[in-house]
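Notes follow once the structure below has been shown.
So you know, we letter chains A, B, ... as the sequences are listed, proteins then strands, and number each from 1. Values in this document were obtained by computation on a predicted structure and should not be read as measured data.
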Amino acid sequence: MRDIQSTVDWLLNGVDDVVSRELLEAKLERSQRTQTPLIVKLGVDPTAPDIHLGHTVVLEKLRQFQELGHQVVFLIGDMTGRIGDPTGRSETRRQLSKEDVQKFAETYVAQAGKVLDRDRLILRYNSEWLEPLRLAELIDLMSRVTLARILERDDFHDRFSQHFPIHLHELLYPLMQAYDSVALKADVELGGTDQRFNILTARQIQEAYGQEPEVGLFMPILEGTDGVRKMSKSLGNYVGVEEPPDEIFGKVMSIPDSLMVRWYQLLLGERPETIQQRLAAHENPRDIKAELARRLVSRFWGEEWGRRAQENFDRTFRAREVPDDAPLLSWRSEWAQIGAIDLVAGLPGVPSRQEARRLLTQGAVTVDGQRVSLTDTVSLQPGSWIKVGKRRFFRVQELETESR
RNA sequence: GGAUGGGUGCCCGAGUGGUUAAAGGGGGCGGUCUGUAAAAUCGCUGGCUAACGCCUACGUUGGUUCGAAUCCAACCCCAUCCA
């Protein structure tokens, strides 16, 4: 059995901050002694069904807790999510129906299950206890926190001092989230650093209700593929866990080298020193990055796909050959003799003839290895391949059986 | 309800009567190069055209003008302040 100190060291790898290490040690120690798993909570808003690598930072940490035999609880914030987005700018939030929430939960678990052990995972909904909450109870809850404390929170504070609106119900958010921890008797709660305030409030409220406070573990925000801004779908610098293997592999290869150590640490739980040593030993950074890419693909798709993604990548970008899985186009007779623009404009992913012209002018198009220019007429045959830019390939499929 | 400032291309943002398909930046795409879809560097980035050129576009609708993103009117929307 591992001793508590090294277990804690291992659990805190990559963690931005913990409140508090001593408490975590104490809880782990007690858990070991009494053979009772800790309850580890992660709150999830039923709003963003597509999980990307940024979200998996927290999931990876949860996985580590699972590995130690603790109980992970996904708390779906169906109640908090239903009330509305704090910005209040976008019109009244669509009410989420029970079915919506249900569907969300399923997709979420399906995706999160690529990182976590689904059999050791409990799903709860905060409407279970928030819905029946009566005004008297709510008042009781509210009486345990002061306005000043709530306004300490960074974003409230900023908005208030900049005279941006704060809606009254938004003040309740931290309270409700805190109450969730009371209801679950959570021992540990994970969140991004942006969750700091909410989690600290939860600890306070738990104490007010006579419970031992939870340990707050704050995970750093993962930078996106651009290496600068946080990973988010709207910034387009994300890698989704459901993306095809080649896509994941390629996107990971495109991150700046400087980001590798961090991704290894946050996404795979590696020690930063391990990777730094390899770099210091002049191992080719490309290979280290390729390994990162392969391991991530493997995590989401399995070993076999990880290996294949790597092979395809090497073939396409290092040897510049046509990848195995280039999209197939069914042969069309007019392709026997066709103007370059017509051909390119008809390919998937080319939005307009203007774009086709641009690509041809810039020398981006190759047919069977032969560069094609704007005014060329090309002749294709079944088995031909077309390359557009560095990474778009198409293979013309042999004639389908004409009978169907 | 009142006051003020705004609504420009995928995003940010300049532009106050013609030289504006609209500066600049970001993003995207492409060429070269390379250890990678890294970095660097050069180019493209509304649509139609092989090209000349044509068409559509600056919140909406109407107007003034030879000519409007730019002026006028009404309307819609957003932000802040006062109530």
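- One cannot find a donor-acceptor pair under 3.5 Å joining the base of B/rG31 and the side-chain atoms of A/Q362.
- Taking atom P in both B/rC12 and B/rU64, the straight-line distance is 34 Å, to the nearest Å.
- In terms of position along RNA chain B, the nucleotide closest to A/A364 lies nearer the 5' end than the nucleotide closest to the other residue of the pair A/L374 and A/A364.
- A donor and an acceptor atom, one from each side chain of A/E207 and A/Q211, are nowhere located under 3.5 Å apart.
- For the P atoms, the distance from B/rU20 to B/rC75 is 35 Å, rounded to whole Å.
- What separates CD1 of A/I288 from P of B/rA38 is a distance of 18 Å, to the nearest Å.
- The stretch residues 295-305 of chain A does not touch RNA chain B, since none of its heavy atoms comes less than 4.0 Å from the strand.
- Here the side chains of A/I288 and A/I275 are in contact, with some heavy-atom distance below 4.5 Å.
- Interface residues of residues 349-361 of chain A facing RNA chain B, ordered by number: A/S352, A/R353, A/Q354, A/E355, A/R357, A/R358, A/L359; criterion, heavy-atom separation under 4.0 Å.
- Shown here are the salt bridge (Lys or Arg N to Asp or Glu O under 4.0 Å) partners of A/D187, two or more places apart in sequence or in another chain: A/K27.
- Looking at RNA chain B, the stems built from 3 or more consecutive Watson-Crick or G-U wobble pairs, each pair with its key distances under 3.5 Å, are B:1-7 with B:76-82, B:10-12 with B:24-26, B:27-32 with B:40-45, B:46-48 with B:53-55, B:59-63 with B:71-75.
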Nucleotide N/O to protein N/O under 3.5 Å, stretch nucleotides 33-37 of chain B:
residue	atom	partner	partner atom	Å
B/rU34	O4	A/R320	NH2	2.1
B/rG35	N1	A/D257	OD2	3.3
B/rG35	N2	A/D257	OD2	2.8
B/rU36	OP1	A/R286	NH1	3.3
B/rU36	OP1	A/R318	NE	3.3
B/rU36	O2	A/M253	O	2.5
B/rU36	O2	A/K289	NZ	3.1
B/rU36	N3	A/D257	OD1	3.4
B/rU36	N3	A/K289	NZ	2.9
B/rU36	O4	A/D257	OD1	2.6
B/rU36	O4	A/D257	OD2	2.7
B/rA37	O2'	A/S254	N	3.4
B/rA37	N6	A/D246	O	3.4
B/rA37	N1	A/R391	NH2	2.7

Name the atoms and distances for all side-chain donor-acceptor pairs under 3.5 Å in residues 340-350 of chain A, with sequence neighbours left out.
residue	atom	partner	partner atom	Å
A/D342	OD1	A/R353	NH1	3.0
A/D342	OD1	A/R353	NH2	3.0

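- Here A/P272 pairs with A/N13, A/V261, A/Q265, A/Q276 under the side-chain contact (heavy atoms from CB on, under 4.5 Å) rule; sequence neighbours left out.
- In this view, A/Q102 and A/E106, A/Y125 satisfy the side-chain contact (heavy atoms from CB on, under 4.5 Å) rule, not counting sequence neighbours.
- Note that the CG atom of A/L200 and the CD atom of A/E214 stand 9.0 Å from one another [nearest 0.5 Å].
- Looking at A/Y108 and A/V44, their side chains come closer than 4.5 Å, going by heavy atoms from C-beta outward.
- Here the shortest heavy-atom pairing between A/E25 and A/Q5 reads OE2-NE2, 3.3 Å.
- Annotation: B/rG59 and B/rC48 have their P atoms spaced 25 Å apart (nearest Å).
- Set against B/rA50, B/rG43, B/rA38, the side chain of A/I341 has B/rA50 as its closest nucleotide.
- For the segment residues 263-280 of chain A, no residue has any heavy atom less than 4.0 angstrom from an atom of RNA chain B.
- Each of A/T225, A/L296, A/L267 was compared with A/V239 under the side chain to side chain contact (heavy atoms under 4.5 Å, CB included) criterion, and only A/T225 meets it.
- Seen from the ring of A/Y209, A/R144 counts as a face-on cation partner, given the 6.0 Å and 45° thresholds.
- With rounding to the nearest 0.5 Å, the separation of NE2 in A/H55 from CE in A/M219 is 14.0 Å.
- The ring-ring contact (aromatic ring centres under 6.0 Å, His included) contacts involving residues 257-284 of chain A comprise nothing, where partners must be two or more places apart or lie in separate chains.
- Inter-residue side-chain proximity for A/F74 and A/L62 is flagged as met; some heavy-atom pair is nearer than 4.5 Å.
- For A/R286, there are no salt bridge (Lys or Arg N to Asp or Glu O under 4.0 Å) partners, not counting sequence neighbours.
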List the atom pairs, with distances to 0.1 Å, where a side-chain N or O of residues 379-389 of chain A and a protein N or O form a donor-acceptor pair under 3.5 Å, not counting sequence neighbours.
residue	atom	partner	partner atom	Å
A/S384	OG	A/D368	OD2	3.2
A/S384	OG	A/Q381	N	3.0
A/S384	OG	A/Q381	O	2.8

